[in-house]
Novice: 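Mind looking over this structure? Questions follow.
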Amino acid sequence: MELSARYDPSKIEEKWYAYWLEHKFFHSEPDGREPYTIVIPPPNVTGILHMGHVLNNTLNDVLIRKARMDGKNACWVPGTDHASIATESKVVAKLKAQGISKEDLTREEFLKYAWEWKEEHGGIILQQLRKLGASCDWDRTRFTMEPALSEAVINTFVYFYKKGWIYRGVRMVNWDPEGHTAVSDDEVIHKDTHSHFYHLRYYISDGQGHPTDQYLVIATTRPETIMADAAICVNPADERYHWLRGKHVLIPLINKEIPVIEDSYVEMDFGTGCLKVTPAHDAHDYEIGMRHNLPILDIIDDRGRLNENATILVGEDRFVARKKIVKMLEEAGNLEKVEDYTSPVGYSERTNAVIEPRLSAQWFLKMEDLAREALASVEEGRVKFIPDKYRNTYRHWMENVRDWCISRQLWWGQRIPAWYLPDGSFVVEATAEEALKAAQAKQPGLTMADLRQDEDVLDTWFSSWLWPVSVFDPQMPGHPDHKPNRDLSYYYPTNDLVTGPDILFFWVARMIMAGNEYMHAEPFRNVYFTGIVRDKLGRKMSKTLGNSPDPLVLIEKYGADAVRLGMLLCSSAGNDILYDEAQVEQGRNFCGKIWNAYRLVAGFQVDPALPQRESDATAVRWFRNKLSQAIATVEDHYAKFRISDALMTLYKLFWDDFCSWYLELIKPAYGASIDPETVRCTLGFFEDLLKLIHPVMPFITEELWQAIQPRKEGETIMFAATPAAGEYDTSVIDAFELAKETVMGIRSVRKQKNLPPKDTLEVKVKGGFPADMIPVVAKLANAGPVSLVEDFGDATGVSFMVGTVECFAVLGGLVNVEEELAKLEAALAYQRQFLENVRKKLSNENFTAHAPEKVVAMERKKEADSLSKIESYENQIKLLKNNE
RNA sequence: GGGCGCAUAGCUCAGUCGGUUCAGAGCAUCUGCCUUACAAGCAGAGGGUCGGCGGUUCGAAUCCGUCUGCGCCCACCA
């Protein structure tokens, strides 16, 4: 096989992905093996791949590929989410650009456009994931709004309704006037916003609807809502306002009479101590209104405009109305003063519109029981969070959970299966036919034409929370006709979930609830939380900042393996990722390193008659042990989800141990041949390394695994078994470590003395140095002869310590005696001080009495080693002085 | 305002039970090398009062208190 001097990922990646697909290596069917299952966090169907997806899906792919090589039946289910608000607003925007307004369309017409949009843009992201190397079981691709999964949602709604946990109620909801829908509390983002605090005079009524000359002052940020005021409220303990008891005041401009009431909700020292109560447009005011039986007057429509109830400024947008009414109030003499004011204002997460608290009829799901169970799942350890700190956040939320508003005033989504009868009552059934039957049971003689289905759709999360169940069994086990499902019983519960902490409550918590409810088992065992991908300055990636690279461009430039490695290098669980293209470069460089190492190995000239050199036998023995040790470390890291640590261990194993030490050691001289045994072992190591790296860098490892020895069609590294961590002898590793340090010491001497690497250098080492490492040192430090001696005799040169072993580089006249003496004296002084410290510790009876034996023994060893070093230094100094 | 968490080298982070010759890694930096696998590389080197203060302990990066500075979540006083 011809190997180009430089690794070119583009063709290789395309080739192997096609090969994997062709052979259906990603596809899983239930069998006798242990399953390992991941369901993808479904991206928005119309979304495109961004760096967050790259991080998440790389982690997923590493886990799934690792499990596959560990012999498990690995199944990664991909799919997309219909994302009702996000998608609907995109469709609305697109239609608007074409001059079509959503209001002019029927529901059916709009949905036709939406489905067209979905067909056109939907699933692009899944194509993009293929470029990344994601080994999803594409045959199992799901969409949360496909007919089967919609049925799952509808069945779930009916299930919970019949259980009595879904109810319809009028509540103060967060209204998004731009999206024309209610959004949940979690979809509201509070931002500090500059506004004004308007102090308004409300004149006391004379009882006939006419103002007296007495007035009170209220402070409000929302003067446009005064027409909806139902009362003025003061704290009963506030003596300043006792004179107002029983009085009525007139709303400015419209002269409507409203009572003064008392409620301890009002803070005496905030504002003026007088609160205008506007039950229809403020959640707290609503509560006060309920307590005091105040009438509710809604003056804002679903677009945020004042309606007829306002009597003035009808049809004006709320913010326009605010400006206008301030002027009107000023002219009427009701505006006492205006203060600058900054307060938190709720914004819609999707549309960024200012949320309007609004009363409306919505559907709710009771959360109390679900939350209690789901909390126990995590508290009792059946679901593990990585990192663990999110347990606290989770607990806090689960203990303060409120009922879930599941209805949305949209069209794109699963329509609520409730049908209203002419008398205003309703029935809930999975289909219109069943609904009609149920309706007829209540009221004989009704026809379909008498029924009207609820206009709202369900919150998207009401479908995503079923994902780990519904992708395998869309009927859902709660259905009365449910039959056992082979896929569900095999793959559920899934194993690991990789997701961002931002959807801990939206999604993770609710999946646990649904899993507990339907399966009596949590949907996954481990939840690995990634951080947010930020740029290297720590800023969130955003379109407006333009700091978000296009992953596809990166993949094209550096290769998918490089991008994957670049993302994982700095990603410890739960930490934000500061993305820097330099990391992807590092990934590319690593690919180059692997590629070139292979070029070296593949180019070996084997001479079958050649016996194995001693240094090569040593190298093989060492690397075999080193490899086993590293595998054990990597396995441990994986078991603890320390993915970037596992990766770094492999990175150093390959680059430092394998390339810089092992290959340099066995590499024959230019033009020379190598013995067959060493080559055999080296290829074995290389293959093991490729297998270990494969989950992280699937493409280059497949390419080289296929090249390293002939493979049959249909063979793949994807199913090669993860190399097992064998026994390893640390004494072998330690001995080689000593040799490495010696080599580094000699190289350092060379560098200091400016000795060309080509010139050999005579080296003497003293007793205690492992004899089998002598050839290793000779080869790697280009030293020779290297001799094991009792003392250094009268040679001139430079000595250095490796642990407690003395080494000596013979330099002849190159030695600067004074310089060396100074160095040795300094080292000696340091060592004496060190010894003194150790002895001080050892003579402390408190220490020897309290510290564990092991620790004390360690100190005694330090003492002995230190003594031996001191002796060495003293000898070396003596020697140097004699030679002077 | 309530809760949770973080602070270790220029950057990003490890540091598992309080104890190894423990202060580490990768990247970046500096120096020297185009040495026949790799300059996207090789070899060598420098770099930290473990945020401040106090305490517990024979012993603290590690435990406790406190201060400072950051981050996240929840709530929202009109």
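Below, read A as the first sequence line, B as the second, and so on, with proteins coming before strands; counting in each chain starts at 1. No experiment lies behind these values; they were computed from the predicted model shown.
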Novice: Please report the distance separating the P of B:rU49 from the corresponding atom of B:rA23, rounded so that it comes out in whole Å.
Specialist: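 My reading of the P atoms in B:rU49 and B:rA23 gives 14 Å.
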
Novice: Listed in order of residue number, which residues of residues 738-750 of chain A have a non-hydrogen atom at under 4.0 Å from RNA chain B?
Specialist: A:M744, A:R747, A:S748

Novice: What does A:P756 touch in the nucleic acid at a heavy-atom separation under 4.0 angstrom: a base, only the sugar-phosphate, or nothing?
Specialist: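 Nothing, no nucleic acid heavy atom in range.
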
Novice: Does the ring centre of A:Y390 sit less than 6.0 Å away from the ring centre of A:F385?
Specialist: no

Novice: Base, sugar-phosphate, or nothing for A:S866, non-hydrogen atoms under 4.0 angstrom?
Specialist: nothing

Novice: Across the strands shown, which category fits A:E664 at heavy-atom distances under 4.0 angstrom: base, sugar-phosphate, nothing?
Specialist: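 Base: the residue A:E664, judged by heavy atoms under 4.0 Å, touches a nucleobase.
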
Novice: Just to be sure I understand the rule, does A:D282 reach a base, reach only the sugar-phosphate, or reach nothing, if contact means heavy atoms closer than 4.0 Å?
Specialist: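 Since no nucleic acid heavy atom lies under 4.0 Å of A:D282, the category is nothing.
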
Novice: Kindly point out which of B:rA75, B:rC77, B:rU16 is positioned nearest to the side chain of A:Y341?
Specialist: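 Of the options given, the side chain of A:Y341 lies nearest B:rC77.
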
Novice: What's the NE2-C1' distance between A:H637 and B:rU16, to the nearest Å?
Specialist: 11 Å

Novice: Starting at atom CG of A:N596, determine the distance to atom P of B:rG41, rounded to an integer number of angstrom.
Specialist: 10 Å

Novice: Under 4.0 angstrom, heavy atoms only, what part of the nucleic acid is A:L578 near: base, sugar-phosphate, or nothing?
Specialist: sugar-phosphate

Novice: Taking a pair as Watson-Crick or G-U wobble with both distances under 3.5 Å, which nucleotide is matched to B:rG18?
Specialist: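 Per the H-bond distance test, none.
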
Novice: Using a cut-off of 6.0 Å, state whether more than 12 heavy atoms not belonging to A:E585 lie near its atom CD.
Specialist: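 Counting other residues, nucleotides and ligands, CD of A:E585 exceeds 12 neighbours.
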
Novice: Give me the distance, rounded to whole Å, that separates B:rC53 from B:rC17 when you measure between the C1' atoms they each carry.
Specialist: 28 Å

Novice: Any donor-acceptor pair under 3.5 Å linking the side chain of A:N334 with the backbone of A:L200?
Specialist: no

Novice: Quick one: A:L275 CG to B:rC76 P, roughly how many Å, whole number?
Specialist: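 To the nearest whole Å, that distance equals 15 Å.
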
Novice: Counting heavy atoms not belonging to A:E339, are there more than 12 under 6.0 Å from its CD?
Specialist: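 Yes.
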
Novice: Rounding to an integer number of angstrom, what distance separates B:rU12 and B:rG51 when you compare their P atoms?
Specialist: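 15 Å, rounded to whole Å.
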
Novice: Side chains of A:Q586 and A:Y651: donor-acceptor distance under 3.5 Å anywhere?
Specialist: yes

Novice: Expressed as a whole number of Å, how far does the C1' atom of B:rC13 sit from that of B:rC34?
Specialist: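 About 34 Å, rounded to a whole number of Å.
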
Novice: Between C1' on B:rC13 and CZ on A:R534, what's the gap in Å once rounded to a whole number?
Specialist: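 Distance, rounded to whole Å: 16 Å.
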
Novice: When the distance from CZ of A:F270 to P of B:rG1 is rounded to whole Å, what number comes out?
Specialist: 14 Å

Novice: Of the nucleotides B:rC73, B:rA40, B:rC58, which one has an atom closest to the side chain of A:F847?
Specialist: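 Between B:rC73, B:rA40, B:rC58, the one nearest the side chain of A:F847 would be B:rC58.
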
Novice: So A:K869, base contact, sugar-phosphate only, or nothing? Heavy-atom distance under 4.0 Å.
Specialist: base

Novice: Touch check for A:V266, heavy atoms < 4.0 angstrom, all strands: base, sugar-phosphate only, or nothing?
Specialist: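 The answer is base, as A:V266 lies within the cut-off (heavy atoms under 4.0 Å) of a base atom.
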
Novice: If only atom types and distance count, is the side chain of A:T633 paired as donor or acceptor with the main-chain N or O of A:Q629 below 3.5 Å?
Specialist: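 Checking the backbone N and O of A:Q629 against the side chain of A:T633, a donor-acceptor pair under 3.5 Å is found.
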
Novice: From CG of A:N392 over to C1' of B:rC72, roughly how many Å is that when rounded to an integer?
Specialist: 12 Å

Novice: Can the ring centroids of A:F686 and A:F654 be said to lie less than 6.0 angstrom from one another?
Specialist: yes

Novice: With P as the reference atom in both, quote the distance from B:rC6 to B:rA14 in angstrom, rounded to an integer.
Specialist: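 About 10 Å, rounded to a whole number of Å.
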
Novice: Between B:rU35 and B:rG44, how far apart are the C1' atoms? Round to whole Å, please.
Specialist: 15 Å

Novice: Please name the nucleotide paired to B:rU66 by Watson-Crick or G-U wobble geometry with both distances under 3.5 Å, or report none.
Specialist: B:rG52

Novice: What's the closest nucleotide to the side chain of A:A851 if the choices are B:rC38, B:rG19, B:rC73?
Specialist: B:rG19

Novice: When you compare B:rC50 with B:rU57, how far apart are their P atoms, in angstrom units rounded to a whole number?
Specialist: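 B:rC50 and B:rU57 have their P atoms separated by 23 Å.
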
Novice: Whom does B:rC13 pair with, Watson-Crick or G-U wobble, provided both distances fall under 3.5 Å?
Specialist: B:rG24

Novice: How would you summarise protein contacts on nucleotides 24-36 of chain B per nucleotide, using B for base, S for sugar-phosphate only and - for none, with heavy-atom distances below 4.0 Å?
Specialist: -SSS---BB---B

Novice: Report the distance from atom CD of A:Q583 to atom P of B:rC13, rounded to the nearest whole Å.
Specialist: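 So the CD-P distance, A:Q583 to B:rC13, works out to 10 Å.
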
Novice: With both distances under 3.5 Å as the test, what is the Watson-Crick or G-U wobble partner of B:rC4?
Specialist: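 B:rC4 is paired, partner B:rG71.
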
Novice: Report yes if at least one side-chain N or O of A:N589 is closer than 4.0 Å to OP1 or OP2 of B:rG41; otherwise report no.
Specialist: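 Yes, within the criterion.
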
Novice: Between A:F834 and A:K640, who's closer to the 5' end of RNA chain B by nearest nucleotide?
Specialist: A:K640

Novice: So with a 6.0 Å cut-off around CD of A:E853, is the heavy-atom count from everything else above 12?
Specialist: no

Novice: Out of B:rU20, B:rA37, B:rA78, which has the shortest distance to the side chain of A:Y265?
Specialist: B:rA78

Novice: With heavy atoms under 4.0 Å as the rule, sort A:C659 into base, sugar-phosphate or nothing.
Specialist: base

Novice: Pairing check on B:rA60: which nucleotide meets the Watson-Crick or G-U wobble criteria with it, both distances under 3.5 Å?
Specialist: none

Novice: For A:R6, which contact category applies under a 4.0 Å heavy-atom criterion: base, sugar-phosphate, or nothing?
Specialist: base

Novice: Indicate, with yes or no, if the rings of A:F685 and A:Y662 have centres closer together than 6.0 Å.
Specialist: yes

Novice: Suppose we call a contact any N or O donor and acceptor under 3.5 Å apart; does that hold for the side chain of A:K593 and the base of B:rC38?
Specialist: yes

Novice: If you count the non-hydrogen atoms of other residues, nucleotides and ligands that lie under 6.0 Å from OH in A:Y830, is the total more than 12?
Specialist: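 Counting other residues, nucleotides and ligands, OH of A:Y830 stays at 12 neighbours or fewer.
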
Novice: Ring centres of A:H396 and A:Y394 under 6.0 Å apart?
Specialist: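 They do not qualify: ring centres at least 6.0 Å apart.
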
Novice: Hey, which sits more toward the 5' end of RNA chain B by its nearest nucleotide, A:Y7 or A:N844?
Specialist: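 Its nucleotide being nearer the 5' end, the pick is A:Y7.
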
Novice: To the nearest 0.5 Å, tell me how far A:F847 CZ sits from A:K840 NZ.
Specialist: 14.0 Å

Novice: If you count heavy atoms of other groups shown closer than 6.0 angstrom to CZ of A:R402, is the number above 12?
Specialist: no

Novice: For A:F800 and B:rA45, give me the distance from atom CZ to atom P, rounded to whole Å.
Specialist: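 Rounding to the nearest Å, CZ of A:F800 and P of B:rA45 are 11 Å apart.
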
Novice: Given the C1' atoms of B:rC11 and B:rU29, what is the spacing between them in whole Å?
Specialist: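 These two C1' atoms come out 11 Å apart once rounded.
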
Novice: Using both distances under 3.5 Å as the test, list the Watson-Crick or G-U wobble partner of B:rG44, or none.
Specialist: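 Across any shown strand, B:rG44 pairs with B:rC30.
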
